[in-house]
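The chains referred to below are lettered A, B, ... by the order of the sequence lines, with proteins before strands, and numbering in each begins at 1.
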Protein chains: 2
Amino acid sequence: MPPPPEPKAAGLLQGTLDMMILQVIALEPQHGYAIATRLQQISKDVLQVQQGSLYPALHRLEKKGWLAAEWKESEQGRMAKIYSLTKAGKKQLAEEAENWRRMSAAIGLVMGTAQ
Amino acid sequence: MPPPPEPKAAGLLQGTLDMMILQVIALEPQHGYAIATRLQQISKDVLQVQQGSLYPALHRLEKKGWLAAEWKESEQGRMAKIYSLTKAGKKQLAEEAENWRRMSAAIGLVMGTAQ
DNA sequence: CTACATACCAAGAAGCACGATGTATGTAGA
DNA sequence: TCTACATACATCGTGCTTCTTGGTATGTAG
């Protein structure tokens with residue numbers, strides 16, 4: 001049998017996935033599969049979003065009205081559901097980003113990583 | 001009736017509570033009530049740990065062997081359960097702190113807060 | 001025709017923070 | 001004395017999010 005393929009250690013902080021999805025889409029409308037790829041690229045392989053986390057999150061965000069979906073052709077020439085930010089989504093992203101800054105700064109204070 | 005007492009906005013990132021508890025206790029053994037107070041002080045009121053989050057977390061950490069508990073007199077002259085870090089707890093804290101740094105840095109990259 | 005990358009989705013389980021609620025004691029003030 | 005408040009512990013149920021695992025389908029390269 002093959003050696004256990006590394007712990008994988010995803011373990012995302014709750015709530016940050018939604019925020020990062022909004023952020024990636026804010027830069028440019030994307031389909032789900034590409035969002036996961038981009039997140040992994042940008043974070044230099046630290047963040048590896050599972051599909052079982054990604055798609056529920058996308059549906060969640062669409063349901064709340066932060067995202068709008070549309071079937072289009074992807075860059076690879078295949079049909080894909082392209083998500084883009086709604087106006088409410090932009091506002092939500094701004095709020096969550098601000099909250100993230102406050103929170104991570106506070107945690108930084110506690111952990112002595114401040115400054 | 002009194003005006004609604006401010007949103008309170010706790011909303012901790014899941015998983016970080018354990019890490020911060022370990023960190024606060026690493027600085028000095030504390031009892032539960034004091035841990036919550038300290039966290040609030042250090043974070044300048046950004047982090048407000050509910051008792052319904054705190055005590056389960058303490059029991060969880062003790063069960064895993066990261067914390068050791070002992071009944072002693074508090075600074076206020078009352079009996080309190082003082083928690084201190086075990087050897088395993090120190091190791092765990094180091095791991096979680098390192099992981100936090102990697103994670104928050106990665107999220108920072110995504111959010112454009114980098115540098 | 002097999003494997004792989006692309007692209008979507010669902011179901012079940014587990015973990016965790018939260019809100020509400022309860023107990024008890026010591027102290028300060030009315 | 002009676003009341004309020006701070007200290008100090010704790011449990012329970014709920015809801016949300018993430019993870020794991022599995023499944024569908026298409027195009028392309030070998």
Main-chain N/O of [Y] paired to [X] side chain as donor or acceptor, under 3.5 Å:
X	Y	value
B/Thr86	B/Gly65	yes
A/Ser53	A/Val49	no
B/Glu28	B/Ala26	no
A/Glu96	A/Ala94	no
A/Ser74	A/Met79	no

(message) From the set C/dC18, D/dT18, D/dC9, return the single nucleotide nearest to any side-chain atom of B/Ser53.
(response) C/dC18

(request) Determine the contact category for A/Lys64: base if any of its heavy atoms lies under 4.0 Å from a base atom, sugar-phosphate if only primed atoms, P, OP1 or OP2 are that close, otherwise nothing. (result) sugar-phosphate

(message) Under 4.0 Å, heavy atoms only, any strand: does B/Gly77 hit a base, just the sugar-phosphate, or nothing?
(response) nothing

(message) Nearest 0.5 Å, please: how far is CD in B/Gln30 from CG in B/Leu39?
(response) 9.5 Å

Between the protein and nucleotides 22-26 of chain D, are there any N/O to N/O pairs under 3.5 Å, and if so, what are the atom names and distances?
unit_1	atom_1	unit_2	atom_2	d
D/dT26	O2	A/Arg78	NH1	2.8
D/dT26	O2	A/Arg78	NH2	2.9

[N] [atom2] sits how many Å from [X] [atom1], rounded?
X	N	atom1	atom2	value
B/Gln40	D/dA6	CD	P	13 Å
B/Met79	C/dT23	CE	C1'	17 Å
B/Leu54	D/dA10	CG	P	9 Å
B/Leu13	D/dC16	CG	C1'	14 Å
B/Lys63	C/dC16	NZ	C1'	14 Å
B/Trp71	D/dA8	CH2	C1'	8 Å
A/Gln50	C/dC8	CD	P	16 Å
A/Glu75	C/dA7	CD	C1'	14 Å

(message) Heavy atoms within less than 4.0 Å of DNA chain D: which residues of residues 27-37 of chain B have one? Give them sorted by number.
(response) B/His31, B/Gly32, B/Tyr33

(message) Does B/Thr37 form a side-chain contact (heavy atoms from CB on, under 4.5 Å) with B/Gln41? I'd like the steps, not just the answer.
(response) CA-CA 6 Å; B/Thr37 308; B/Gln41 287 175 346; 3.9 Å; yes

(message) Count I, L, V, M, F, W, Y as connected when their side-chain heavy atoms are under 4.5 Å apart, and connections chain through other members. Are B/Val24 and B/Ile82 then in the same cluster?
(response) no

Taking 4.0 Å as the cut-off, does a side-chain nitrogen or oxygen of [X] come that near to OP1 or OP2 on [N]?
X	N	result
A/Gln76	C/dA7	yes
B/Ser74	D/dA8	yes
A/Arg60	D/dC16	no

(request) Fill in the dot-bracket string of DNA chain D, one character per base: . for unpaired, | for a pair to another strand, ( ) or [ ] for pairs within the strand, taking Watson-Crick or G-U pairs under 3.5 Å. (result) ||||||||||||||||||||||||||||||

(message) side-chain contact (heavy atoms from CB on, under 4.5 Å), that's the test. Do B/Leu54 and B/Ile21 meet it? Break it down for me.
(response) CA-CA 9 Å; B/Leu54 177 67; B/Ile21 289 175; 3.9 Å; yes

(message) If I compare all heavy atoms of B/Tyr83 with all of B/Leu67, which pair ends up nearest, and what's the gap?
(response) CD2-CD1, 4.0 Å

(request) Run through A/Gln23, A/Lys64, A/Arg60, A/Gln92 and flag the one making a side chain to side chain donor-acceptor pair (under 3.5 Å) with A/Asp18. (result) A/Arg60

(request) Show your reasoning for whether side-chain contact (heavy atoms from CB on, under 4.5 Å) applies to B/Glu95 and B/Asn99. (result) CA-CA 6 Å; B/Glu95 271 179 39; B/Asn99 194 53; over 6 Å; no

